[in-house]
Structure formats: C-alpha cells, structure tokens
Amino acid sequence: MNSKRGWFLGTLAAGLLLLAGCGNQNAGGFQVQGKLLDLCGQPLPYKTVFVPGHDPVLTAEDGSFTINGVAAPYDLVISNAYLMPEGVQEVPVLVYKGLTKPDPVVWANDAAAPRNETCAHASASGAITPAQTTDDFRNGAALVVGPYVGGGEFAYDASPNYDVGVYFDPDLAGENNATLFGIQWQRDTATNDATSFLAAKKLTVSLGDGDALGQDLALTEIGSRDLNVSVQLPGVMDLDQVEHHVTVDGVALPFATAQMNADEAGADGGFAMAGPVGEGLGSLVVATASYGGGGLFLGGAYGALDLTGIYGDAGVWQQAAADSNDVALSFPDPVVPIVPLNGATIDPDTTFRWAGPEGTLYDVVFILDLRPDVSVEVVTTEPQLQLPDLNGMGMRIDSAFRGYWLLAALGGEAVPGSVDELASASARSALVPFYLEYSAPQGSAGYFFFVDAGGFSFAFDALGK
C-alpha cells in the first residue's frame with residue numbers, strides 16, 4: 001500500500017462527514033433526531049453538527065442531536081472545530097450529502113482521541129501444532145470479532161507460535177463473540193505463494209476488553225483446490241497484483257497466501273492459485289491496478305480526456321464459488337476527475353465533476369491550505385459537488401489558499417447504495433472492515449478506486465478582492 005493510499009484509508013476510516021451545498025431554514029420542515037458514534041459504536045459527545053442554513057448544535061453525552069425545521073434532502077456536517085487540541089495542524093470536517101431520513105446514525109472518529117480510548121482490545125497467543133518450521137511451510141493466525149474494527153495484528157511466518165490482537169466494539173464483548181483461527185500451507189520458496197493447504201483450526205472464544213487469551217491451536221487436516229483466475233480491465237489500466245485470501249465463514253483474513261504480479265500470468269493471461277477446502281473455509285481473490293500519470297487518453301463515454309497528472313489505484317474482489325474452480329475478476333470503468341484538473345484556478349461556484357461506475361458510493365476529500373489546514377470530506381452518490389459552505393463553523397475564506405482533492409469510490413454487495421443507507425446502525429458491519437483493511441473487504445464481490453485528483457488555487461477576482 002503506497003503512502004498516499006495509506007493516508008487516504010486512514011482518513012476514510014476516520015469517517016469525516018461534510019456537506020456540499022447550502023440549505024435554507026424551513027420552519028415547515030421535519031425534526032432530525034440523530035446520533036453520532038465512533039467506529040467502535042461509542043457515542044461522540046460535544047461535537048459540532050449542523051445543517052447549512054440552521055444553527056450549529058453540540059452532540060449530547062450519548063452522541064444524540066436534534067435539529068428542527070429541516071427540509072429533505074439535507075446535508076449533515078460534523079466537525080471538531082470548536083474542541084480541537086491546542087496546536088492542532090488540521091481541522092477535519094465530514095459531510096453526509098443528500099440525506100432524507102429523520103433519524104440518521106452517523107459514524108466519525110474523534111480526531112483528539114486515540115482509538116484505544118473507546119474501543120475494546122483483546123489478544124490471543126499460543127503455539128500452532130503440529131509444528132512446521134521448515135522454509136517450505138507457512139503458518140497464519142487471525143482473531144476476528146465482527147463487525148470488527150481492526151484485525152491487522154496477525155501472525156504469518158514459519159514460526160510455530162502466534163500472537164494476534166483485535167479492536168472491537170465493547171458492546172460486542174461476551175460469551176462466544178469471537179473466532180480464533182489458525183491455518184498452515186505449503187509454499188513455493190521461489191515465489192512465496194501457497195501451493196497447497198495442509199491443516200486448519202477454528203475456535204469460538206469469548207473475549208472481553210483487555211483479555212489476553214492463551215490458547216494453543218492443534219490443527220487438523222484440510223484439503224486444497226486449484227483456482228484458475230482471469231482478470232479483465234480497461235485498456236487505460238495496468239494490472240499490478242493478484243492476491244489470494246483465505247475466508248472463514250465469509251470473512252477474509254488480512255494476510256495473503258499468494259501475491260502474483262502481472263509477469264507471473266500464464267500463457268493464457270490467467271493466474272493459478274491454491275485455495276483451502278474445509279468447513280467454513282473459502283477463497284477471496286483481490287486484483288489491484290493503476291492508471292493515469294503517463295499521458296494516456298481515455299476515450300469512449302468520457303470523450304478524449306488527458307490523464308496526465310492524474311494518478312489512480314483500483315481494486316476488485318471476488319469470492320470463489322464452492323462449485324467452481326474458475327474465478328473471473330472484471331474492473332469497471334475507472335473513476336476519473338473531469339474538472340477542475342490539476343493546477344486549475346477555481347472560484348466559489350466551481351463544480352467539481354468526475355466520471356465513474358453507476359451505483360457507486362463516493363468519498364471526496366478536499367485539503368484546504370488555511371490556518372489551520374482544513375480537511376473536508378464529503379460522502380455522496382452523485383458524481384459532482386461544490387466546495388461546502390464553512391461559514392456555519394466560523395470558517396471564512398478570507399485569504400489566498402491552495403488545495404488539492406482526492407476521490408475514493410466503493411461499490412459492491414456490501415457497500416450501501418445510498419447515503420441514507422450509509423447513515424444507519426447496520427452500515428458499520430459492511431464498511432468498517434473495508435475502510436481499515438482494503439484487502440479484507442466484506443461481501444462476495446466489489447470494487448474500489450482511489451484517485452489523486454490534483455491541486456487547485458482560489459480565484460479571488462470572483463469575490464471582488
């Protein structure tokens with residue numbers, strides 16, 4: 001994962017919600033009674049929430065807030081602007097754009113508090129037996145509490161010992177709330193890819209906050225199957241890598257048992273991978289690709305668009321069907337910014353536009369060079385928006401600034417198809433795992449895009465300055 005993608009995922013996982021557009025006070029509207037939670041499901045009190053055209057309010061101790069006289073559709077803006085730590089370098093602002101529901105449950109991250117202050121954390125460690133410690137073998141282990149917040153601590157090496165951890169919603173603590181899993185495979189020492197799976201063990205365990213479980217994993221024999229993977233992608237994209245992940249009861253584990261680049265494709269352009277066979281076990285295949293930055297031109301539905309200076313990363317994933325050895329991955333048309341392009345000069349009425357697949361949830365981040373800098377993240381299903389009006393947060397643009405913008409797009413079976421669906425208690429189980437570990441998404445099929453859409457500067461002539 002490159003540093004830009006890593007930064008973006010962190011920003012995305014932080015759940016910044018902002019709005020692009022300005023509404024007017026409507027005394028005949030309805031009452032919005034919402035709740036603001038962090039990614040561990042805990043309330044976020046004393047955060048600024050407002051609908052443009054209405055007075056800002058602070059969330060209560062339980063994260064709840066009420067705004068009267070709202071007309072649908074409306075944009076919901078969340079900010080830490082008034083309670084940021086001293087010396088903060090960046091103020092995050094998050095917008096849900098185009099809500100219609102009166103009871104939104106929205107997710108954000110407290111920029112002033114580390115994750116472990118509200119998340120529960122538990123770990124497990126022990127020995128994997130029978131021990132295989134030669135260079136031909138690899139052992140893996142994972143600890144999963146769903147919907148989990150972090151499963152990134154995992155064991156993956158030739159050692160017979162493991163030590164894994166997980167962050168999770170403390171309300172999920174209790175009896176039989178987690179899965180502890182170990183697996184063993186044989187590998188090709190030249191490529192490090194699995195050639196066959198040998199043994200596995202799945203245990204249901206109980207975890208509470210702060211628990212450190214000591215548990216040996218005595219693996220039992222499992223089988224393997226050969227997977228034939230094909231990848232189709234638009235001509236403007238270059239394939240980077242194809243990965244295999246073991247799934248346990250439909251959840252993809254965070255470590256890859258095979259990582260093949262484009263040069264490792266067979267004569268037919270496909271990839272041969274090994275997958276496990278056993279109760280509750282399956283395979284998820286992830287392909288990543290890149291595009292832009294090389295003077296390419298994208299034709300077709302978008303016309304002749306110069307991609308020079310635009311950099312994008314993309315991925316698709318597909319779970320292997322139990323009754324087939326063939327896995328077909330197909331990339332949709334890429335997400336491409338249209339205007340403003342890199343280096344453009346904008347004014348307050350400039351509309352940012354892009355092209356991308358239908359049925360996609362977009363997450364657009366603007367980094368504004370103000371004092372302090374402001375990051376504005378907008379969640380939307382529309383392929384265009386204007387810079388949000390920040391006056392309701394006391395942030396007036398009264399000096400020259402530059403900025404840049406980034407695009408993310410998510411699509412697939414587990415991704416909400418509307419902003420209303422995203423603003424619900426059930427959305428977290430689908431999105432949080434993906435946000436924090438892109439190679440372990442939920443759902444049997446889907447795609448993502450991350451695009452560096454370029455920089456811009458503000459035209460103050462438009463303001464009469």
Side-chain angles (χ1 to χ4, degrees), residues 11-82 92-111 118 147 149 169 171 359-365 376-382 385 388-390 392-393 408 410 414-432 434-435:
T11 305
L12 197 57
L16 304 175
L17 312 166
L18 178 59
L19 142 79
C22 205
N24 293 317
Q25 184 88 15
N26 185 346
F30 59 91
Q31 183 182 74
V32 172
Q33 292 183 311
K35 181 164 285 190
L36 177 62
L37 306 176
D38 69 12
L39 292 183
C40 281
Q42 300 306 295
L44 284 175
Y46 310 120
K47 303 302 177 187
T48 306
V49 178
F50 77 98
V51 171
H54 297 256
D55 292 334
V57 299
L58 290 179
T59 57
E61 284 282 354
D62 63 353
S64 64
F65 60 89
T66 299
I67 302 175
N68 294 311
V70 175
Y74 66 94
D75 299 325
L76 185 65
V77 183
I78 301 166
S79 174
N80 288 324
Y82 299 134
V93 178
L94 174 63
V95 178
Y96 277 97
K97 181 171 175 56
L99 286 166
T100 64
K101 63 191 305 179
D103 57 347
V105 177
V106 290
W107 310 92
N109 195 49
D110 188 350
T118 59
V149 171
D169 183 339
D171 292 338
T360 298
L361 182 68
Y362 294 105
D363 189 270
V364 189
V365 176
V376 177
E377 184 166 355
V378 184
V379 180
T380 181
T381 55
E382 298 296 325
L385 54 81
D389 181 356
L390 303 181
M393 299 178 351
L410 301 175
V415 177
S418 69
V419 180
D420 272 348
E421 186 180 346
L422 177 65
S424 65
S426 62
R428 183 170 54 114
S429 62
L431 291 178
V432 169
F434 176 82
Y435 283 171

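A distance of 9.5 Å separates CG in Leu422 from NZ in Lys101, rounded to the nearest 0.5 Å. Annotation: the span from Asp62 atom CG to Gln42 atom CD amounts to 12.0 Å, rounded to 0.5 Å. Expressed to the nearest 0.5 Å, how far NZ of Lys97 lies from OH of Tyr74 amounts to 13.5 Å. Within the model, atoms CG of Leu36 and CD1 of Ile78 stand 5.0 Å from one another, a figure rounded to the nearest 0.5 Å.
Residues satisfying the side chain to side chain donor-acceptor pair (under 3.5 Å) criterion with Asp103, sequence neighbours excluded, are absent altogether. Judged as a ring-ring contact (aromatic ring centres under 6.0 Å, His included), and not counting sequence neighbours, the contacts of Tyr362 are Trp354.
Leu44 and Thr59 get closest at one heavy-atom pair: O-OG1, 2.7 Å. Across all their heavy atoms, Val77 and Pro52 have their closest contact at CG2-CD, 4.1 Å. Looking at every heavy atom in both residues, Trp107 comes nearest to Asp38 through CE3-O, 3.3 Å. Contact record, Phe30 with Ala71: CE2-C, 4.1 Å, taken as the closest heavy-atom pair. Shown here for Phe50 and Ile67, the closest heavy-atom pair between the two residues is CA-CD1, 4.1 Å. Closest heavy-atom contact between Leu410 and Thr360: O-CG2, 3.5 Å.
Proximity of Thr66 to Val32: side-chain heavy atoms (C-beta onward) are nowhere separated by under 4.5 Å. Contact of the Asp55 side chain with the Val57 side chain is not registered, since no non-hydrogen atoms from C-beta on lie closer than 4.5 Å.
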Between Leu37 and Val106, does a side-chain contact (heavy atoms from CB on, under 4.5 Å) hold up when you go through it step by step? CA-CA 6 Å; Leu37 306 176; Val106 290; over 6 Å; no
After noting the C-alpha distance and the side-chain angles of Gln33 and Phe65, does the key distance pass the side-chain contact (heavy atoms from CB on, under 4.5 Å) rule? CA-CA 6 Å; Gln33 292 183 311; Phe65 60 89; over 6 Å; no
Which is it for Thr381 and Leu361 under the side-chain contact (heavy atoms from CB on, under 4.5 Å) test, yes or no, and what are the steps along the way? CA-CA 5 Å; Thr381 55; Leu361 182 68; 4.0 Å; yes
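Asp420 and Ser418 share no donor-acceptor pair across their side chains, judged by distance under 3.5 Å alone.
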